[in-house]
Every structure is written in structure tokens, then in C-alpha cells.
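All values reported here derive from a predicted model rather than from experimental measurement.
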Amino acid sequence: MASAGSKEGSGDGIAELARRRGFLWLAFEIYGGAAGFYDYGPLGALLKRRVEEAWRNFYLKEGFYEIETTNIAPREIFEASGHLESFTDRAVVCKHCKSFFRVSEGVDVREKCPECGGELENAGEFNLMFQTRIGVPKGGRDEGAQKKSEGYLRPETAQGIFLNFQRLLRFNRDKLPFGVIQIGKAYRNEISPRKSLIRLREFTMAEAEVFVDPGEKSNHPRFEEIKDRKLWFVPSEGEEGEKSIEEAVRSGIIANEYLGYHIAKVEEFLGRIGIPQDKLRFRQHRQDEMAHYARDCWDAEFFSERYGWMEIVGVADRGDYDLSSHASHSNTDMGVHGKLQVREGEAEKTKAKIIPHVIEPSYGIDRIIYALLESSLYEEQVGKEKRKVLRFKNEIAPIIAAVFPLLNRDELKSKAKEVFQQLRDASIFVEYDDSGSIGRRYRRQDEIGTPYCITIDYETLEDDTVTIRERDTMEQVRVPIAEIKEALFAQYHMD
RNA sequence: GCGGCAAUAGUCUAGCGGUAGGACACGGGCUUCCCAAGCCUGUAACCCGGGUUCGAAUCCCGGUUGCCGCACCA
């Protein structure tokens, strides 16, 4: 019998398994690789696709619509968004202790090293955005024309949504609040990408932008539904601990109901795809670590056995920063007619135009994939053997089921292939395997997280029933072939 | 970016100046009526570029990648 199963101590094993079984490969490997770039192999791509699909459906159910915007944008977009200024920086380095300082942090090359008092030298300019050229620059060496043709790969997907705000508002028939989502690549030329999928130069983000009347932020229509959920909060000031969302909002730890609601939704989604709740906490940014656009920000952090606490989702209150900035830079009206603000005794009934505020849950999909891989891997002692199991939730498992003939005999093989094809034809993504012993084949599937194995034996040939073996319990049930599809579908979509 | 350590089949590793070996995995065959069994058999590797040497996987230099620490992470 299986023991309860233990976690791998360091989390090292998952990197090896992910490489070997085709989840995750270092990009450009045959040319020596490049730091910060990973490719998803066949199983990794399936897993990622299922996570993205789960995320998409989750927010579509909230009534949000998805859009898809460009990865490259002209310079002026990032002048307006503030990324050009915040992402480009001059740096100095200490000749003596090699400490590295950003000029914007107030350390100048004429000064002495704050660490050791050594002499400083210029370390050059660095820009976290990848720069490119759009079209053929006109005007030769003319600086203005050169700048005009500058383009950048987006460092977040959000801007594409802000840029389309007017259109989106119109699409939503001029009513607030509404939400828009986008899943896509973002690019940051990190100084030292490291730690597997945790810091990449090209990565996938899933972002939701919720536009709300600032006067309504403290009043989310569905707050009731989530208010009693308990989460672990680490506020920037004061004690950390478990609190209900309602407590957190009432006591001012979380600034408003909208932020509280979306923090709760983040927790709900992560739980749904299988991130264990006891490895999650919500940590508030300190003032000095906040992004330039944020007025408040909470990170959902996952506790990695290997790397410690790491951010996997950020929920930011961006205020009106982005819309106001794009409004003034592009000379576009981003205002919305708010609700009537009629004060008692006043005759005035003009609808004031307001700039909506933005609440933004921003998911790092690759980091979530890492968290899922690491937290799903269990090693169990089964008899004398160790069994490695990826306990993925059914909803995200790359492969739903595998079909085996019990023995490597023609009559069983042809029946098994028949069942396999039947399931594939029914759009159920199954694998077929007849190599090695049945136990070996079960283990292969355990290691890639396949929830069910369907085995064709001699009884099948007599009465058209098969066994379905469940991954975590290793228990089997016998079901008629005609009912496999229903049995799998019921399981697959339920949990 | 800085410093330390490392890099050998798909994976883990032995070899540390002279024929690259093992284990697991994988393929083929036999066996096997349900959990990595056994037997036979096969495929498969010295990160890249220079240097030293009669001879380099091994020593030296540079690069790349990975791990750890510092810095960075809007």
C-alpha cells in the first residue's frame, strides 16, 4: 500500500523531472543556451495551456472580456506609461568592493561608495526594456526621427488594455465598472535572470484590469460572497496573521473592497488549480518597493521548498495613473460620466467626469507553473520502490488518461488501440503505451501526473469492460467501455 | 553585474595526463493476467573556443550555462 507520500526535501528533483519528461527545457540549448529563456516541451506546453484556459474561464465567469494586443509598441507609449523613465537607469559601480548602485537612488559617480568608501566608476546605462526599430527610420541622423522609430517589447501586457480604454468603455456601453483580461508574453531584460522559471527575460503574464469609479471602490457588489474567506496577510506595517477579507478591509489593512475582492479571487483561482493554501500568503509592498504606477500592491507569494517565498501574483491598485497619463500624453479624453454627485441642499446636477481607477491582478504564469510542478511532486514508498507522482488537479493535468493492454499480446493490443482511438475521437486527450510491464507503465504516467490509466485485459475481450486506475490511490474500478467517456468527463470537469 | 563552486550518454555519476566505465531510463526480443520484477540484446556522452603537451575529458586562459552569496527585481 502507498504511504501518505512525502514531499521532496529541496525541490531539486522537479527540475530534473521537468527536463527529462519534456516539461521545460533551457532555450537555445544546442548553442550553449541563454540565461532567462526557457522553452516548454510537449507536456509543459499542455500544462501551461490548461492553466491559461482555467484562468481565462475563471475571469470570463466574472464577466470580463479578453482582448489581445501587440507585443511591440512605439516609444511614446512607454514615455507615457512611465516605463521608459523607470526602466532606464544609469548605474555606478564601486572599484573597490564592486557594489552596484543606481544613479536614481541618489548615488553619484563623484561620491564615495556608501558600502566601503571606495572610488566609484560609471557602469553604464541599463534598460530593462528590449529596444527595437519600427520600420526604416527617416531623417538619417536626426535625433527626433530616430526616436520616433524606436520601439520596445512590452514589459507588461497591461498597457495594451489602457490604450484601448475608450474603445473598451464604448464596448461596455459607457458603464463602469468593467474588467478586461489579457494573456500574453512580456519581456524584461533582467540583469541577472535566475532560478528556473522565476525570473525570465521572456515570460507569460495573465493580467486583468478592472476599471472602477473611484467613489465606488469601497463598495464591491459581490463583496458579500467572499468576505468571510480567511487568508494569511503580511501588511507593510503591523502584525502578520490570518484574517478574513472583511476584517482586513474594515481594519484598513486592505484599502478598499475592490482590492479585497480581487485578492480573494486570486486566492480562489490559485486554490482551484492546486496551489496549496498553506503555502500561500499575501504580502503588501512597502512604499519603497512599489512600482512607479502603484499606490498599493499586494503580492500573492508561494513558499517554494527550493527558493523560499516568491511572488506569483501581484494585485495592484494603480489608481488613475495610467489613464490620466495616457490622456495627457495622447491628448485623449479618458473621462467617464460618473454617478450623479448631488449633495444635500445643492441644486447642481451636473454629472462630473471622472477618471476611473484600476485594480489589477497580474499573474506570472511561468512562476505559477513552477509552483505547481514543485508543490505537486510527491515521493512515496510503495513496497521496495519509490514512486514519483505529480498530483496535478484533473483540470490542469497535461494528459487525462493513458490506455494500456495488460499484456503485450496482439489481441489485447488491438483492443486497447481501438479504445484509445475511440477516446481520441471523442476529443479526450489520452496516450497509448504497451511497452514494458504494466507497473512500469503506471509509473510513467504517475510521473507526468496523468490522473487515470485504462487497462484492457482478457475480461475486456469477453464483456467489454476495462479497469480505470486512479493515480493517487492506485485503486481500480471496472467500467464498461461505453461509459469510459462519461466517467472521465465527470471526473475531469468536476474537481 | 561582482565573487565562489561546477559542467562526462536522456538522467545520475566514475575516471583527474595515455583504450571513457557503471547505474537508471530508452529501443528490440523472451517471459509475465495489474503496480519501476527477471533474462538476452541494442542505441547512447567528455559544454564551446583557444593554449600547454608526443598525447588533454583530465592542466592553463577565455566564453557559455547552472548552483550559492552580494547587488538588481520598475
Side-chain angles (χ1 to χ4, degrees), chain A residues 1-2 10 12-13 15-22 25-37 41 78 81-89 91-102 104-105 115 123-124 126-129 155-156 186 188-196 198-201 285 288-294 297 299 306-307 310-311 314 316 364 380 382-389 404-409 412 435-447 453-461 466-471 473-476 478:
Chain A
M1 272 310 290
S10 62
D12 276 32
E16 182 269 328
L17 191 152
R19 194 179 319 128
R20 183 165 46 82
R21 297 309 304 267
W25 296 322
L26 186 66
F28 324 118
E29 202 178 4
I30 62 168
Y31 284 98
F37 296 96
F78 300 111
S81 74
H83 285 93
L84 207 59
E85 198 190 332
S86 300
F87 268 53
T88 308
D89 216 336
V92 291
V93 64
C94 173
K95 283 181 181 174
H96 179 66
C97 71
K98 305 290 182 194
S99 293
F100 187 84
F101 304 96
R102 296 165 60 126
S104 67
E105 284 166 341
E115 289 291 321
F126 64 92
N127 187 336
L128 251 35
M129 287 195 292
E156 58 171 4
R188 297 177 193 182
N189 203 357
E190 297 284 355
I191 296 171
S192 67
R194 253 190 218 183
K195 295 179 179 173
S196 175
I198 294 166
R199 204 180 317 164
L200 298 173
R201 286 180 166 139
H285 281 202
D288 63 349
E289 65 177 317
M290 214 106 72
H292 63 276
Y293 51 70
C297 186
D299 283 348
R306 184 161 173 73
Y307 302 117
M310 61 191 219
E311 177 197 352
E380 298 174 354
V382 182
K384 284 180 186 166
E385 302 291 339
K386 271 203 171 165
R387 182 171 89 113
K388 280 190 181 182
V389 198
F404 310 143
L406 179 59
L407 295 170
N408 196 5
R409 303 244 173 90
L412 293 177
S435 145
S437 71
I438 188 78
R440 179 179 296 268
R441 284 176 261 152
Y442 284 146
R443 292 295 184 273
R444 280 190 194 124
Q445 296 302 324
D446 290 341
E447 205 177 55
C453 291
I454 297 161
T455 302
I456 277 67
D457 55 21
Y458 281 104
E459 211 177 317
T460 312
L461 301 182
V466 298
T467 60
I468 300 183
R469 174 260 200 189
E470 203 270 334
R471 179 192 66 209
T473 61
M474 298 194 287
E475 279 164 14
Q476 299 179 15
R478 187 163 277 278

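Of all nucleotides listed (B:C2, B:U11, B:C73), B:C2 comes nearest to the side chain of A:R194. Closest to the side chain of A:R306, out of B:C72, B:G66, B:C67, is B:C67.
Using atom P as the reference point in both B:C12 and B:C35, the two lie 30 Å apart (nearest Å). B:G22 and B:A9 have their C1' atoms separated by 12 Å, given to the nearest Å. Here, B:G10 and B:G18 have their P atoms 25 Å apart, quoted to the whole Å. For the C1' atoms, the distance from B:U52 to B:U58 is 13 Å, rounded to whole Å. Look at the C1' atom in both B:C72 and B:U53: the space between them is 44 Å, to the nearest Å. On the C1' atoms, B:G69 is 28 Å away from B:U11, given to the nearest whole Å. B:C39 and B:C24 are spaced 10 Å apart, taking the P atom of each and rounding to whole Å. B:G1 and B:A57: their C1' atoms are spaced 31 Å apart (whole Å).
Annotation: side chain of A:D299 is not in contact with side chain of A:E289 (no heavy-atom distance under 4.5 Å). A heavy-atom distance below 4.5 Å is found between the side chains of A:E447 and A:R21.
Note: CD1 (A:I191) to P (B:A71) measures 13 Å, nearest angstrom. The separation between A:I30 atom CD1 and B:A9 atom P is 16 Å, rounded to whole Å. Following rounding to the nearest Å, A:F28 (CZ) and B:G66 (C1') show an atom-to-atom distance of 16 Å. Rounded to whole Å, atom C1' of B:G1 lies 13 Å from atom CG of A:L128. Atom P of nucleotide B:G10 and atom CZ of A:R20 are separated by 13 Å, given to the nearest angstrom. Atom pair A:E16:CD and B:A25:C1' shows a separation of 10 Å (rounding to whole Å applied). Residue A:L17 contributes atom CG, which lies 13 Å from atom C1' of B:G10 at whole-angstrom precision.
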>> Assess the residue pair A:E380 and A:R387 against the criterion (salt bridge (charged side-chain N to carboxylate O under 4.0 Å, His left out)); give the C-alpha distance rounded to whole Å, side-chain angles, the decisive distance to 0.1 Å, and a yes or no.
In response: CA-CA 5 Å; A:E380 298 174 354; A:R387 182 171 89 113; 2.9 Å; yes

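A distance-only check finds no donor-acceptor pair linking the side chain of A:R201 to the backbone of A:G36 [under 3.5 Å].
Tested against A:C453 for a side chain to side chain contact (heavy atoms under 4.5 Å, CB included), the candidates A:R441, A:Q445, A:R444 yield a single pass: A:Q445. Among A:Q476, A:E470, A:R471, the one residue that satisfies the side chain to side chain contact (heavy atoms under 4.5 Å, CB included) test with A:T473 is A:E470.
Counting non-hydrogen atoms under 4.0 angstrom, A:R199 reaches a base of the nucleic acid. Contacts of A:L26 with the nucleic acid, taken as non-hydrogen atoms under 4.0 Å apart, involve only primed sugar atoms and P, OP1 or OP2. Contacts of A:F404 with the nucleic acid, taken as non-hydrogen atoms under 4.0 Å apart, are absent. A:A34 comes within 4.0 angstrom of sugar-phosphate atoms only, judged by non-hydrogen atoms across all strands, and of no base. Contacts of A:A291 with the nucleic acid, taken as non-hydrogen atoms under 4.0 Å apart, include base atoms.
Looking at which nucleotide of RNA chain B each of A:H285 and A:R201 is closest to, the 5′-most match is held by A:R201. When each of A:E29 and A:S196 is assigned the nucleotide of RNA chain B with its nearest heavy atom, A:E29 is the one assigned upstream, toward the 5' end.
Across every strand in view, B:C30 sits in a pair with B:G38 that passes the Watson-Crick or G-U test at under 3.5 angstrom. Across the strands present, B:U52 finds no partner; the criterion is a Watson-Crick or G-U wobble pair with both atom distances under 3.5 angstrom. Taking a pair to require two hydrogen-bonding distances under 3.5 Å in either a Watson-Crick or a G-U wobble arrangement, B:C2 pairs with B:G69. Nucleotide B:C47 has B:G63 as its partner under the Watson-Crick or G-U criteria, with both atom distances under 3.5 Å. Here B:C12 sits opposite B:G22 as a Watson-Crick or G-U wobble pair (both hydrogen-bonding atom distances under 3.5 Å).
Classification of the A:H83-A:F78 ring pair by plane angle, with boundaries at 30° and 60°, yields perpendicular.
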>> What does the B/S/- profile of nucleotides 28-36 of chain B look like, 5' to 3', with a 4.0 Å heavy-atom cutoff to protein?
In response: ----BBBBB

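The distance from the OG1 atom of A:T467 to the CZ atom of A:F404 is 10.0 Å, given to the nearest 0.5 Å.
With 3.5 Å as the limit, one finds no donor-acceptor pair spanning the side chains of A:Y307 and A:R194.
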